[in-house]
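Chain identifiers are assigned alphabetically (A, B, ...) following the order of the sequence lines, protein sequences preceding nucleic acid strands; residue numbering begins at 1 within each chain.
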Number of protein chains: 2
Amino acid sequence: MSSNPESEPATVKLAPKAVVGRVCLYLRQLELLRSQGETTISSAKLGAPLLVKNAQVRKDLAYFGQFGHPGIGYRIDDLISALRHVLGVDHEWPLALVGFGNLGRALLGYRGFRSRGFKIVAIFDNDPAKVGRKVDRLTVEPLGSLCEVVRARQITLALLCVPAEVAQSVADMLVAAGVAGILNFAPAPLRLPDQVSLIGVDLGAQLENLAYKVEKSRDSVRRASQASSY
Amino acid sequence: MSSNPESEPATVKLAPKAVVGRVCLYLRQLELLRSQGETTISSAKLGAPLLVKNAQVRKDLAYFGQFGHPGIGYRIDDLISALRHVLGVDHEWPLALVGFGNLGRALLGYRGFRSRGFKIVAIFDNDPAKVGRKVDRLTVEPLGSLCEVVRARQITLALLCVPAEVAQSVADMLVAAGVAGILNFAPAPLRLPDQVSLIGVDLGAQLENLAYKVEKSRDSVRRASQASSY
């Protein structure tokens, strides 16, 4: 993960990121099961296709409430409703996409957002060659319109895909416009007021992390083969 | 973060992901300082622009070795070389890009990879309309050539940007071809052998996590305003 400081109010206990991530997976799995006509499920069967153990499933869900029924397991309909509410995905989130380069374009087409109720309703860029272009029933708008458009369309979340050099100044514009959360793809740390939530997604750092794991794994193989040759 | 199980050999002690993430940021900052003519730096000055406290900087670097000099701080040249070596970014990593949809295209253009020594040297897709297309001096190749090309070009890492339904089967092909690490963008858990490193980047889950934080933050404001109205 990025090391960007993630602002959150000190008074509210948040479930850890890894737990929320798994619960999102459970939710997807539950929706799949429902579409197949299932009505109840055990924690073991819910976790199995996701490679999560049943004790972990129960522990994760316990963060959000008491959902299991002895001898029955979980009622799929009830659990879906409850989890969608807890995660805040029981309503639509209007998103702003800021920065319409390659990554911005990819995010616009990313099915994983739309299917979860995240809907891009505005696109911004400061490149005159891009402003005015029509994509997906939207028009790319200049950064100068950001504040007005964000307020008019009641946009709460933003995908920030601008170059690192301008990430902070554009984030400041989003905050001034009243956005409540920013998913930051720019490899730059952001300073945001406490009431604005921030998650940083630094793809370069993810790849560096992977390279580091591979390097360590090779070291261990090397050491093992040296040890065995003595 | 994704909840995909991340395979790593049990015998090697890995620095936590958050530490590696920050160390990557220090490395970028050090390279910037060197380009500005600086030769030494204190932990406080290194951390400040990244919003990381000096005690944290020292603690993070201590995972990888003893780098500081009393009264001097860190020698920038030495620290850059050491960190690049530790992170495995002191040499080039040939990458395969698998899946050439919108996200694949964005990753191909992502400057954050190239500047860190990660070089995409092969692109694969199974869509006949894409196979054979020339981009960035590369030709999109069919999945059927994957094994042969990965071996011939000594590709060690792969960016997996295929639909979730086929992610496991394509990952199996990459493993069979001898890839050592996979950065998985498909929202699907993968089962890989222990010797292959895996990091999952589920963008939809990141956005759900952000929505959850915003929702919790609003709850807390709501509760605070209710409390104050009694």
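- Scanning all heavy atoms of the two residues, the minimum distance from B:G204 to A:Y110 falls at N-CE2, 3.7 Å.
- Nearest heavy atom pair, residue A:R191 against residue B:A48, reads NH2-O, 4.2 Å.
- Heavy atoms closer than 4.5 Å to chain B are found in the backbone of A:I182, but not in its side chain.
- Between B:E208 and the options A:R84, A:R28, A:R22, a salt bridge (Lys or Arg N to Asp or Glu O under 4.0 Å) holds for only A:R28.
- Counting all heavy atoms, side chain and backbone alike, B:P49 lies closest to A:P189 at O-CG, 3.8 Å.
- Among residues at least two apart or in separate chains, side-chain hydrogen bond (donor to acceptor under 3.5 Å, both in side chains) pairs with a member in residues 167-179 of chain B are B:Q168-B:D172.
- Counting heavy-atom pairs closer than 4.5 Å to chain B, the top-ranked of the candidates A:V20, A:N102, A:L207 is A:L207.
- Counting only heavy atoms from C-beta outward, the side chains of B:Q206 and A:F185 never approach each other to under 4.5 Å.
- For A:L157, the part sitting under 4.5 Å from any heavy atom of chain B is the side chain, from C-beta outward, and nothing else.
- Around atom CD of B:Q36, more than 12 heavy atoms belonging to other residues, nucleotides or ligands sit under 6.0 Å away.
- Expressed to the nearest 0.5 Å, how far CG of A:L210 lies from CG of B:L159 amounts to 9.0 Å.
- Here CG of B:N209 is found 8.5 Å from CG of A:L87. Values are rounded to the nearest 0.5 Å.
- Of all the heavy atoms in A:R218 and B:A180, the pair that sits closest is NH2-CB, 4.5 Å.
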Does the pair A:I199 and B:Y212 meet the rule for a side-chain contact (heavy atoms from CB on, under 4.5 Å), with working shown? CA-CA 11 Å; A:I199 288 185; B:Y212 168 67; over 6 Å; no

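- Counting non-hydrogen atoms of other residues, nucleotides and ligands closer than 6.0 Å to NZ of A:K130 gives a total above 12.
- In this structure, B:S217 and A:Q195 approach most closely via the heavy-atom pair OG-O, 4.1 Å.
- Contact of A:V214 with chain B is made through backbone and side chain together, with heavy-atom distances under 4.5 Å.
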